[in-house]
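Below: one structure, written as structure tokens.
In the text below, chain A, chain B and the rest are named by the order of the sequence lines, each starting its count at 1. This one's a predicted model, so the numbers in the text were calculated from it and none came from an experiment.
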2 protein chains.
Amino acid sequence: MTSASDIHSKTVLVRKLESIATFSDEERQAILSLPSQTRVLKPGQDIVRDGDTPSQCCLILDGWAYRYKVLGEGRRQIFSFHIAGDIPDLQSLHLHTMDHTLATVTEATVAFIPHQSMRELTMRYPSVGAVLWRDTLVDAAIFREWMIGIGRKSAFGRIAHLFCEMYLKLESVGLASDHRCPLPMTQVDIGDALGLSNVHVNRVLQELRGKGLITLRSNTLVIHAWDEMIQASEFDPTYLHFEQRAAG
Amino acid sequence: MTSASDIHSKTVLVRKLESIATFSDEERQAILSLPSQTRVLKPGQDIVRDGDTPSQCCLILDGWAYRYKVLGEGRRQIFSFHIAGDIPDLQSLHLHTMDHTLATVTEATVAFIPHQSMRELTMRYPSVGAVLWRDTLVDAAIFREWMIGIGRKSAFGRIAHLFCEMYLKLESVGLASDHRCPLPMTQVDIGDALGLSNVHVNRVLQELRGKGLITLRSNTLVIHAWDEMIQASEFDPTYLHFEQRAAG
DNA sequence: TTTCATTTATAATCTATGTTATGTAACTAC
DNA sequence: GTAGTTACATAACATAGATTATAAATGAAA
């Protein structure tokens with residue numbers, strides 16, 4: 001639990017938003033000055049539930065989270081995985097009733113920011129509001145890309161695509177490099193995200209390993225053959241809408 | 001082709017946005033005063049293409065549109081169907097490169113509104129901007145719901161769910177009532193939206209008819225057994241985030 | 001070090017849905 | 001009114017991935 005003047009927690013937010021936009025110093029400062037309350041949560045713990053009407057949103061500072069909805073007979077669909085810098089329930093700012101649940105994958109440190117403060121920020125700095133809007137639009141673009149996978153790609157292509165996506169998301173905020181990244185979700189989680197059974201996820205993982213494309217051990221993914229992976233999964237990063245920056 | 005002072009074209013936009021929000025007279029007037037250029041398009045015509053960087057967005061005045069992306073070997077994933085009042089490419093206001101294509105299903109009348117005018121509107125009336133943002137968030141909520149269907153529901157449940165959703169969307173803007181609505185897409189389109197082959201879509205339609213749940217003829221859908229349909233498809237309209245209005 | 005729970009691995013069997021093929025009905029365009 | 005085109009319907013066969021079952025690793029807890 002930290003005080004409202006804790007600036008460090010929002011640097012991860014600035015870093016994330018700067019992967020899809022640019023800010024002036026004043027805008028950056030306004031984001032860093034947002035009030036927030038930090039908390040550490042256990043793995044597998046719900047943060048906001050389907051049906052809730054939250055009055056704050058949740059910034060991930062460390063660890064992983066995911067969004068899901070449960071159906072009858074134990075079926076579950078996972079919509080997204082989230083990492084440090086993400087605000088996975090930013091949509092609750094304008095959709096007052098949650099239509100799904102947000103939960104932790106790993107132990108996670110999260111900062112809660114009051115909706116009221118977010119609204120004041122977007123009113124005072126409409127250009128920051130536009131970036132937050134943009135962030136929710138990228139979120140939607142990722143949903144569309146997942147729809148393509150679940151609807152029209154093989155299990156092999158789907159899993160390879162997810163791995164490429166997660167690697168690039170982590171790399172874009174400095175949490176991965178050299179085609180190596182953390183990947184803490186279970187095979188059941190991967191299946192529920194991609195519309196597959198855990199058994200079939202396991203089969204495909206063996207296949208990916210057998211072909212020498214990846215290593216996946218102790219929650220660490222290494223992609224050995226990036227080009228083959230993006231080709232096999234028809235991966236094109238356009239949909240992530242990263243801000244283009246001069247290389248260097 | 002109409003002049004910039006054509007107010008009637010924006011009344012369908014106001015009607016649509018009032019299905020998910022409320023406006024003051026001044027806000028309503030500001031929306032009606034947006035400049036636009038109207039055009040009539042043939043069925044199956046692309047409006048904005050994957051890779052384009054449009055400087056306007058497209059308001060549907062009449063007819064149906066849909067969004068899709070094509071993969072290799074003729075595979076196609078449809079992301080959404082759109083009706084009068086929708087701005088299917090509103091996301092292009094903040095995502096500058098299209099990551100999919102928008103096209104007409106039927107002959108359609110559309111109004112193009114310059115991004116610049118939309119930006120000015122959101123700057124002058126932040127509350128209107130919030131409603132437009134909200135509209136893109138509902139769009140994303142519908143993507144999530146489709147992911148559930150494609151990932152975790154049977155073909156039967158998916159198709160029934162789509163029919164319930166389209167009926168409610170049309171009803172909410174006064175384009176349907178009595179569980180009867182237009183449904184102009186082909187069985188191939190339905191398959192590409194729900195991750196099914198056209199053959200299987202046909203099988204399931206026969207089954208829906210055989211059980212007396214629906215009639216579907218000449219692009220008109222009638223849902224005879226609403227309760228059974230929503231039960232079979234696990235349909236819960238919360239995700240559409242309609243503005244609650246006092247019944248009357 | 002043993003216990004308990006979770007995750008991963010693997011095999012055998014089954015099924016929902018895909019694929020291919022063909023015919024018919026409904027529109028469109030002269 | 002006929003030709004061409006598109007959409008719908010149906011059958012036979014094929015398969016990707018589901019289901020069920022079991023057990024081996026792994027890791028946390030005591």
Side-chain angles (χ1 to χ4, degrees), chain A residues 42-45 64 66 71-78 103-107 149-160 162 182-210 214-221 232-233, chain B residues 42-45 64 66 71-78 104-107 149-160 182-210 214-221 232-233:
Chain A
K42 287 199 263 283
Q45 193 176 337
W64 285 49
Y66 73 117
L71 303 175
E73 294 116 52
R75 284 165 302 149
R76 176 179 68 154
Q77 179 66 46
I78 291 177
T104 56
V105 174
T106 63
E107 176 173 289
I150 303 173
R152 290 291 178 227
K153 284 180 188 163
S154 69
F156 189 92
R158 279 180 241 186
I159 293 177
L162 175 65
L183 203 85
M185 62 274 215
T186 68
Q187 295 180 3
V188 171
D189 294 335
I190 294 173
D192 283 345
L194 302 179
L196 297 167
S197 69
N198 58 336
V199 175
H200 202 59
V201 170
N202 187 275
R203 276 196 282 254
V204 171
L205 288 180
Q206 300 308 326
E207 195 184 348
L208 282 163
R209 289 182 181 119
I214 66 160
T215 303
L216 177 53
R217 268 205 331 267
S218 335
N219 295 338
T220 297
L221 169 72
S233 61
Chain B
K42 285 200 265 282
Q45 194 175 336
W64 286 50
Y66 72 118
L71 304 175
E73 295 116 51
R75 284 165 302 148
R76 175 179 68 153
Q77 179 67 46
I78 292 177
T104 57
V105 174
T106 63
E107 175 173 290
I150 303 173
R152 289 290 179 229
K153 284 181 188 164
S154 69
F156 190 92
R158 278 181 242 186
I159 293 178
L183 204 86
M185 62 274 214
T186 68
Q187 294 180 3
V188 171
D189 294 334
I190 293 173
D192 284 345
L194 303 179
L196 297 168
S197 68
N198 57 337
V199 175
H200 202 57
V201 170
N202 187 276
R203 276 196 283 251
V204 171
L205 288 180
Q206 299 309 326
E207 194 183 347
L208 283 163
R209 289 181 179 121
I214 65 159
T215 302
L216 177 54
R217 268 206 329 269
S218 333
N219 295 339
T220 297
L221 170 71
S233 62

(request) Considering just the side-chain nitrogens and oxygens of A:Arg209, establish if one lies under 4.0 Å of OP1 or OP2 belonging to C:dA9. (result) yes
(request) Mind calculating the distance between CD (B:Gln206) and C1' (D:dT10) to the nearest angstrom? (result) 9 Å
(message) Any side-chain to backbone donor/acceptor pair from B:Thr106 onto B:Pro43? Under 3.5 Å, distance only.
(response) no
(message) Please report the distance, rounded to the nearest Å, between CD in B:Gln187 and P in D:dC8.
(response) 4 Å
(message) Can you measure A:Ile190 atom CD1 to C:dA9 atom P for me and round it to whole angstrom units?
(response) 11 Å
(message) Please report the distance, rounded to the nearest Å, between CD in B:Glu207 and P in C:dA16.
(response) 11 Å
(message) Generate the contact string for nucleotides 12-30 of chain D. Rules: B means base contact, S means sugar-phosphate contact only, - means no protein heavy atom under 4.0 Å.
(response) B----BBBB----------
(message) Rounded to whole Å, please give me the gap between CG in B:Leu194 and C1' in C:dA16.
(response) 15 Å
(message) Tell me the interatomic distance from B:Arg75, atom CZ, to C:dT19, atom P, rounded to whole angstroms.
(response) 10 Å
(message) Side chains of A:Leu162 and A:Met185, heavy atoms from C-beta outward: is any pair under 4.5 Å?
(response) yes
(request) In whole angstrom, give the distance that lies between atom CD1 of B:Ile159 and atom P of C:dA16. (result) 15 Å
(request) Verify, without hydrogens or angle tests, whether A:Arg158 (side chain) and A:Leu194 (backbone) share a donor-acceptor contact under 3.5 angstrom. (result) yes
(message) On the nucleotide C:dT8, are OP1 or OP2 found under 4.0 Å from the side-chain N or O atoms that A:Asn202 carries?
(response) no
(message) Test your reading of the model: is there a side-chain donor-acceptor pair from A:Thr220 to the backbone of A:Pro182, 3.5 Å cut-off?
(response) no
(request) Starting at atom CZ of B:Arg76, determine the distance to atom P of C:dG18, rounded to an integer number of angstrom. (result) 15 Å
(request) Using the test salt bridge (Lys or Arg N to Asp or Glu O under 4.0 Å), find all partners of A:Glu107 that sit at least two apart in sequence or belong to another chain. (result) none
(request) Check whether any side-chain heavy atom of B:Asp192 lies under 4.5 Å from a side-chain heavy atom of B:Asp189, and answer yes or no. (result) no
